[in-house]
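Everything below concerns the one structure shown next.
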Amino acid sequence: MTASALALSRRDPLIALAAQHKLPAVYFTRDFVTAGGLAAYSPDTLEQYRRAAGYIDRILKGAKPADLPVQAPTKYELVVNLKTAKAIGLDVPATVLARADEVLE
């Protein structure tokens, strides 16, 4: 699922619809997984805030914001919900679980 304000506002019905049709959905934020979604692969927001602090530091030291490079996220997190996987009849490979930053059971 792609990120959008509409998806965030309709999180619970979207998760329920995916579960009802046994669709293995991957979401754009861990909030969907903690609410019952299957998995999320998203930028680590804490890391983004840390990197933003570096930008603020450079601006406060005199750098022009227009001269600073645009940075893409460098750290992503994978969160998997095993309870949801079992409910939709999906066996999550051990390699995926090993790579996950967090596994909810």
Side-chain angles (χ1 to χ4, degrees):
M1 178 171 299
T2 58
S4 72
L6 180 62
L8 280 173
S9 69
R10 305 296 297 159
R11 180 191 71 189
D12 293 335
L14 289 170
I15 292 170
L17 190 61
Q20 176 185 348
H21 294 284
K22 298 189 183 295
L23 295 173
V26 177
Y27 301 96
F28 59 91
T29 180
R30 68 180 298 117
D31 296 336
F32 280 80
V33 180
T34 57
L38 175 62
Y41 187 68
S42 61
D44 184 335
T45 52
L46 185 57
E47 181 64 21
Q48 288 181 302
Y49 287 130
R50 286 186 187 122
R51 294 179 71 202
Y55 261 56
I56 293 168
D57 181 57
R58 290 170 69 181
I59 292 168
L60 292 175
K61 289 180 178 174
K64 294 181 183 178
D67 295 337
L68 296 176
V70 174
Q71 293 185 352
T74 58
K75 184 176 179 191
Y76 290 81
E77 66 178 349
L78 174 62
V79 182
V80 179
N81 187 328
L82 285 181
K83 182 179 177 183
T84 302
K86 289 177 187 174
I88 65 172
L90 181 68
D91 290 326
V92 180
T95 54
V96 172
L97 296 176
R99 288 180 179 251
D101 296 291
E102 185 174 352
V103 177
L104 305 177
E105 296 190 38

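If you're wondering where the values come from, they're calculated on a predicted model, not measured in any experiment.
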Does the side chain of [Y] come within less than 4.5 Å of [X]'s, by heavy atoms?
{"X": "Ile15", "Y": "Tyr27", "answer": "yes"}
{"X": "Leu8", "Y": "Thr29", "answer": "yes"}
{"X": "Val33", "Y": "Thr84", "answer": "no"}
{"X": "Leu68", "Y": "Ile59", "answer": "yes"}

Roughly how far, to the nearest 0.5 Å, is the [atom2] atom of [Y] from the [atom1] atom of [X]?
{"X": "Asp12", "Y": "Phe32", "atom1": "CG", "atom2": "CZ", "result": "8.5 Å"}
{"X": "Leu90", "Y": "Leu38", "atom1": "CG", "atom2": "CG", "result": "6.0 Å"}
{"X": "Met1", "Y": "Arg10", "atom1": "CE", "atom2": "CZ", "result": "11.5 Å"}
{"X": "Arg50", "Y": "Asp44", "atom1": "CZ", "atom2": "CG", "result": "7.0 Å"}
{"X": "Asn81", "Y": "Ile88", "atom1": "CG", "atom2": "CD1", "result": "9.5 Å"}
{"X": "Arg99", "Y": "Thr95", "atom1": "CZ", "atom2": "OG1", "result": "7.0 Å"}

| CZ of Arg51: more than 12 outside heavy atoms within 6.0 angstrom? | yes

| message | Does Asp91, at its CG atom, have more than 12 non-hydrogen atoms belonging to other residues, nucleotides or ligands within less than 6.0 Å? | response | no

| said: For Leu78, is there any backbone N or O sitting under 3.5 Å from a side-chain donor or acceptor partner on Asp101? | reply: yes

| remark: Correct closest heavy-atom pair for Ala87 and Lys22 would be O-NZ, 3.3 Å

| field | Distance-minimising heavy-atom pair for Leu82 and Glu105 | value |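 For Leu82 and Glu105, the tightest heavy-atom pair comes out as CD1-CG, 3.9 Å.
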
